[in-house]
Trainee: 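Quick one: the structure is below, questions incoming.
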Amino acid sequence: MIRNSLKAHLLAAAALAALAAPVTAHAAGYGLKEQSVSGQGTSFAGVTAGGNGDASAMFFNPAAMGLVQGNQFVQTFTGVLPSSEAESVTATRARRAGGSTIAGRTDVGDAANDALVPSGYFVYSVNDDLKLGVSGNGPWGLVTDYGYGWAGRYHGIRSDLRTYNFAPTVSYRVTPQLILGAGLQIQYAKAKLSQASDFALRRGLTPGSLDVTSDMVGDDWGFGATAGVLFEPMKGTRLGLSYRSAVKHTLKGTVTFDGLPAALRPALPSQGISADMTTPDIVSLGAYHEVSDRWSVMADVQWTNWSKFKELRVNVANPALTTVTEENWKDAWFLSLGTAYKVTDALTLRTGVAYDQSPIPDEYRTPRIPDADRLWVSVGAGYKVTEWLQLDAAYSHIFVQNSSVNLTDDLTGPNAGRGNLSVNYKNHVDLIGLQARISF
């Protein structure tokens with residue numbers, strides 16, 4: 001039977017997990033890797049093998065929780081500072097609709113929003129072999145916002161996805177060399193999509209004379225699982241393998257319309273919507289090796305099953321208003337290498353690099369997620385203030401390839417009526433993370 005003290009600790013951790021709800025930002029695809037500051041210092045190399053040395057490794061591999069000695073509480077905060085400067089914006093109507101220029105702002109500036117991404121972890125040691133834990137994270141999310149008056153408004157204005165993931169987890173050391181772990185994902189997702197429509201095309205009026213803005217909001221709870229194994233073939237060398245399942249959501253909510261004159265408002269009442277969203281499953285393989293009692297090297301490989309994201313379809317109660325955006329994403333890889341050096345018994349320095357492949361094919365890139373391949377460079381440090389308190393900090397600069405959106409409208413298919421759009425983007429991301437670890 002679980003003791004009262006364990007219940008109290010888990011309740012405290014659950015309360016912390018609520019605080020760990022993400023304020024999201026645009027990331028690779030719509031994933032958020034920023035779940036561990038100690039892991040960020042090596043560009044997340046070795047985290048699947050528990051190379052970062054604390055409870056935050058359980059997000060990447062639930063078996064890594066088995067490395068925690070005693071009880072441990074970890075809280076992280078990562079400032080995500082993305083930049084996606086939209087330049088050379090041109091928008092025209094389909095040739096069959098006259099081919100005229102779509103009026104609107106072309107000096108959009110930075111379409112990505114800064115954010116604070118927290119996460120929280122708690123591990124309770126029932127004994128040396130059995131560990132129970134809980135975590136709160138925001139593993140998926142994005143925010144891009146161009147403002148309502150920009151020239152590409154028919155393809156998207158604001159895109160806002162937020163997820164809140166709570167994960168009760170268990171690990172067990174089967175042998176001195178082998179640890180198994182598993183967890184449950186309890187995930188809440190909420191999304192808002194805004195865009196404009198050239199309603200004049202539907203009514204035979206002058207194109208651009210009657211713009212209608214739609215705001216679609218929906219949410220849902222979903223469930224998934226995690227599983228992992230940690231193997232130590234020799235002292236100081238570990239291999240980790242983990243799986244994070246997909247989580248299926250059917251977001252339900254309402255769409256509201258703005259911009260119609262009073263006489264036409266009854267034609268577009270607020271009404272119900274639904275949209276299917278399935279987060280991708282992930283397989284990760286990590287390695288950690290201690291070259292000496294001071295120096296360690298590590299690596300991680302992660303595969304994300306983005307190819308299941310074929311389209312973004314929002315079904316509306318009035319089927320004529322259903323919207324579809326082709327996505328056709330592809331599976332993507334994340335590869336990282338890192339090292340850590342223990343300068344003193346209290347101070348550890350880290351660094352790492354990573355290649356982060358974008359899942360978005362050039363021909364299907366949209367202004368909602370103007371993502372591209374990226375290169376990570378990270379540095380970090382951990383300092384043991386007391387026997388029970390360690391503080392970690394990390395900084396990463398992510399070099400993101402310049403990207404472009406080139407969408408064509410021939411008045412058929414998913415882009416019908418949205419017009420032609422061309423945008424160039426200059427991208428980069430800075431990450432600044434702080435973490436506190438309390439052991440007891």
Side-chain angles (χ1 to χ4, degrees), residues 16-45 47 52-57 59-60 73-86 109-121 135-145 158-165 190 334 336 338 340 348-354 356 358 369-372 374-383 385 389-400 425-438:
L16 169 76
L19 294 177
V23 180
T24 53
H26 172 55
Y30 56 83
L32 292 170
K33 288 185 171 68
E34 299 81 12
Q35 309 299 332
S36 167
V37 174
S38 53
Q40 182 193 327
T42 60
S43 292
F44 301 102
V47 289
N52 57 322
D54 60 56
S56 63
F59 176 84
F60 305 93
F73 169 78
V74 173
Q75 176 66 57
T76 81
F77 293 96
T78 305
V80 184
L81 311 174
S83 177
S84 188
E85 295 284 341
D110 188 2
N113 288 17
D114 296 344
L116 181 66
V117 179
S119 60
Y121 306 87
S135 63
N137 305 83
W140 313 104
L142 68 96
V143 178
T144 53
D145 194 346
R158 181 177 176 88
S159 306
D160 189 333
L161 170 65
R162 301 167 189 260
T163 58
Y164 306 78
N165 199 89
K190 183 175 183 178
F334 180 85
S336 58
T348 300
L349 301 180
R350 309 180 183 98
T351 188
V353 296
D356 195 359
S358 171
I369 311 179
D371 192 31
R374 52 191 66 200
L375 176 68
W376 294 57
V377 178
S378 304
V379 293
Y383 186 75
V385 181
L389 175 64
Q390 176 164 321
L391 300 178
D392 290 270
Y395 168 76
S396 300
H397 183 78
I398 305 176
F399 299 88
V400 187
Y425 294 87
K426 290 185 177 180
N427 308 305
H428 71 266
V429 184
D430 290 297
L431 304 176
I432 302 172
L434 295 173
Q435 173 178 304
R437 182 182 82 186
I438 298 174

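Worth saying up front: this structure is predicted, and the values here are computed from it rather than measured. Start at 1 with the first residue, then count along the sequence.
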Trainee: Give a yes or no answer on whether the side chain of Q35 reaches the backbone of G138 with a donor-acceptor pair at less than 3.5 Å.
Mentor: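 A pair under 3.5 Å: yes.
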Trainee: Less than 4.5 Å apart, any side-chain heavy atom of V429 and any of L431?
Mentor: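 V429 reaches L431 side chain to side chain.
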Trainee: Can you sort out the partners of D54 under salt bridge (Lys or Arg N to Asp or Glu O under 4.0 Å), two or more places apart, ordered by chain and number?
Mentor: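 Residues passing salt bridge (Lys or Arg N to Asp or Glu O under 4.0 Å) with D54: none at all.
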Trainee: Looking at every heavy atom in both G29 and I369, which two are closest together, and how far apart are they?
Mentor: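 What the structure gives for the nearest pair is O-CG2, 3.5 Å.
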Trainee: In Å, rounded to the nearest 0.5 Å, how long is the span from OG of S119 to CG of N137?
Mentor: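 Reported to 0.5 Å precision, the distance equals 5.0 Å.
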Trainee: How long is the span from the CZ atom in R162 to the CG atom in L142, to the nearest 0.5 Å?
Mentor: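 It comes to 9.5 Å.
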Trainee: Considering residues at least two apart in sequence or located in another chain, which fulfil the ring pair (Phe, Tyr, Trp, His ring centres under 6.0 Å) criterion with Y395?
Mentor: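 For Y395 there are no ring pair (Phe, Tyr, Trp, His ring centres under 6.0 Å) partners, ignoring immediate neighbours.
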Trainee: For the residue pair P82 and N113, what are the closest heavy atoms and their distance?
Mentor: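 Distance-wise, the nearest heavy atoms are CG-O, 3.3 Å.
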Trainee: Test your reading of the model: is there a side-chain donor-acceptor pair from Q390 to the backbone of R437, 3.5 Å cut-off?
Mentor: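 Side chain of Q390 to backbone of R437, a donor-acceptor pair under 3.5 Å: no, none is there.
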Trainee: When you measure from the centre of the six-membered ring of F44, is the NZ or CZ of K33 closer than 6.0 Å and no more than 45° off the axis?
Mentor: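 The answer is no; the distance or angle limit is not met.
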Trainee: Treating E34 as the side-chain partner and T78 as the backbone partner, does any N or O pair qualify as donor plus acceptor under 3.5 Å?
Mentor: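 Side chain of E34 to backbone of T78: no pair is present.
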Trainee: Quick check: does any side chain N or O of S43 sit under 3.5 Å from a backbone N or O of G352, one acting as donor and the other as acceptor?
Mentor: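 Side chain of S43 to backbone of G352, a donor-acceptor pair under 3.5 Å: yes, one is there.
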Trainee: What heavy-atom pair brings P118 and Q75 nearest, and what distance separates the two atoms?
Mentor: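 In terms of heavy atoms, the two residues are closest at CB-NE2, 3.9 Å.
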Trainee: In chain order, what residues pass the side-chain contact (heavy atoms from CB on, under 4.5 Å) check against A111, with sequence neighbours excluded?
Mentor: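 So A111 forms a side-chain contact (heavy atoms from CB on, under 4.5 Å) with Y146.
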